[in-house]
Amino acid sequence: MNAGEARTLIVDVLASIAPEADFDRLPGGAVLRDELDLDSMDFLNFITFLHQKSGIDIPEADYPKLSTLDGAVSYLTR
Amino acid sequence: MTDFRMPSLGADMEAGTLVEWLVRPGDRVKRGNVVAVVETQKGAIDIEIFNDGVVSELVVPVGGRVPVGTVLARLAGPVTEPAMAPPQAAPVTPPPIPAAPAAVAGRPHITPVARRLAGEHGIDLQRLTGTGPDNAITLADVQAAVSSVASGATPRRRAGFDPAAMRQAIAAAMTRSKREIPHYYLSQTIDVSNALARIERLNRERPPPERILPAALFLRAIALAVAKTPELNGFWEEGRFRPGDGVHIGWATALRGGGLLAPAIRDANHRSLEELMASMRDLVLRARGSGLRSSELSDPTITVTSLGDRGAETVFPIIYPPQVAMVGIGRIVTRPWVVNGAIEPRPVVTLTLAADHRASDGHRGGLLLVEIDRLLQEADTL
């Protein structure tokens, strides 16, 4: 998966959880949970959908690496 | 002949709008079948029927807005044996189980998201051919229908939820609560290091779809403790306490854009940790979509609210009438804690109880919180 594909996947998943958000204006370094008002269930669903669509296992210990859009892109493309 | 009436889906509901009939006269229905969709202040809700029988008349047409208690349809029944059957052959059958809300035989199965889209675009479900399992109507089927009528003059029908109406519903219920219910409040700060250690161990070996949130473990402890304090589980009605017929926990779920719903996790004290987590996931998705059933809104015998890990440390709940208690879960925070005479940093959570003093006293309420604490110290057994 290249960075563009990863970003599209992440935004698609986030849009299904926070449909009202404007992702064109979302800074890559913004903390997603704060910026999009995600609770722990939302964040678990975010991780679950990313896992299901990318096949990448994402252990709990790695959650902090996916706290921003940029962080999640580099995690999925590493 | 029995009447099927507009149900009350909570103390705050006065009326509802019938947006879809899923049955027609002549259809045979069973208790628990979803027979209609009603638009309420809480959004579009699937309405279940309480009796077996055959639909003889639909009284309220689609689009009709009627008060709670209005006859929506009439049923002939209960279902009788066919005339040809020998009279002595009637088998003893167990009572119907109202668990799975199967669609009525012969009527379209449809996913909630597809129904919502169809509602938004005024698509008549009877005209659609489902391509999903069991001929269920899928989102794709509705999307195809939407695009095929996009240029036509199809009337649009809104079936979403209106934040302003939800605000009014909350205002009505909470005003009644504060006016009528003599609340007492208790709180207990609980060391959750054992609970969090258990969650971490479980999740380490599980893929994301099977992972557990701490709230599920807290909910399990709460459900078991509530089962031991029946005075806190039920309703205050007409000047007296009516105990709940099980521990059906209303799980308070915030909606994006404002408002909240607290649909029931039925018999929560009999569900495993995994089952509770699955129920929470399912309810949150459906509360934020539009797939809740009427019984899920009217069944809760006690409500639990969790502020989550971005919320405040402590919540002082307001009881949802006619229930008599509500348990609040604050944010998990690390605090100095005395363990064996020494101070250690420990993750702690503040559990609160708001209870109706007409139905119980602080002593019983305190026992509930102490029992939850005890269970969470033995988290490996939960």
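Every chain is numbered from 1 and lettered A, B, ... according to where its sequence line falls, protein lines coming before strand lines.
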A.B. asks: Between A:N45, A:D37, A:L50, A:I47, which has the largest tally of heavy atom pairs under 4.5 Å with chain B?
C.D. replies: A:D37
A.B. asks: What's the spacing between B:N203 CG and A:Y63 OH if we round to 0.5 Å?
C.D. replies: 6.5 Å
A.B. asks: Is it true that A:D57 and B:R204 make a salt bridge, defined as a side-chain N closer than 4.0 Å to a carboxylate O?
C.D. replies: no
A.B. asks: Are A:T48 and B:R211 close enough that a side-chain donor and a side-chain acceptor fall under 3.5 Å?
C.D. replies: no
A.B. asks: For residues A:L38 and B:R256, report the shortest heavy-atom separation together with the two atoms involved.
C.D. replies: CD2-NH1, 4.1 Å
A.B. asks: Check whether A:D42 gets within reach of chain B through its side chain, its backbone, both or neither, counting any heavy atom under 4.5 Å.
C.D. replies: side chain
A.B. asks: Let me know if B:R281 has heavy atoms under 4.5 Å from chain A in its side chain, its backbone, both or neither.
C.D. replies: both
A.B. asks: Against chain B, label A:E60 side chain, backbone, both or neither, depending on which of its atoms sit under 4.5 Å from a heavy atom there.
C.D. replies: both
A.B. asks: Using a 6.0 Å cut-off, check whether atom CZ of B:R266 has over 12 heavy atoms from anything other than its own residue.
C.D. replies: yes
A.B. asks: Rounded to the nearest 0.5 Å, what separates atom CG in A:D39 from atom CG in B:D309?
C.D. replies: 8.0 Å
A.B. asks: What part of A:A61 lies closer than 4.5 angstrom to a heavy atom of chain B: side chain, backbone, both or neither?
C.D. replies: neither
A.B. asks: Under a 4.0 Å N-O cut-off, is there an ion pair linking B:R310 with A:D34?
C.D. replies: yes
A.B. asks: Using 0.5 Å steps for rounding, measure from the CZ atom of B:R331 to the OG atom of A:S40.
C.D. replies: 12.0 Å
A.B. asks: If you count the non-hydrogen atoms of other residues, nucleotides and ligands that lie under 6.0 Å from CZ in B:R167, is the total more than 12?
C.D. replies: no
A.B. asks: Heavy-atom count around B:E344 CD within 6.0 Å, excluding the residue itself: above 12?
C.D. replies: yes
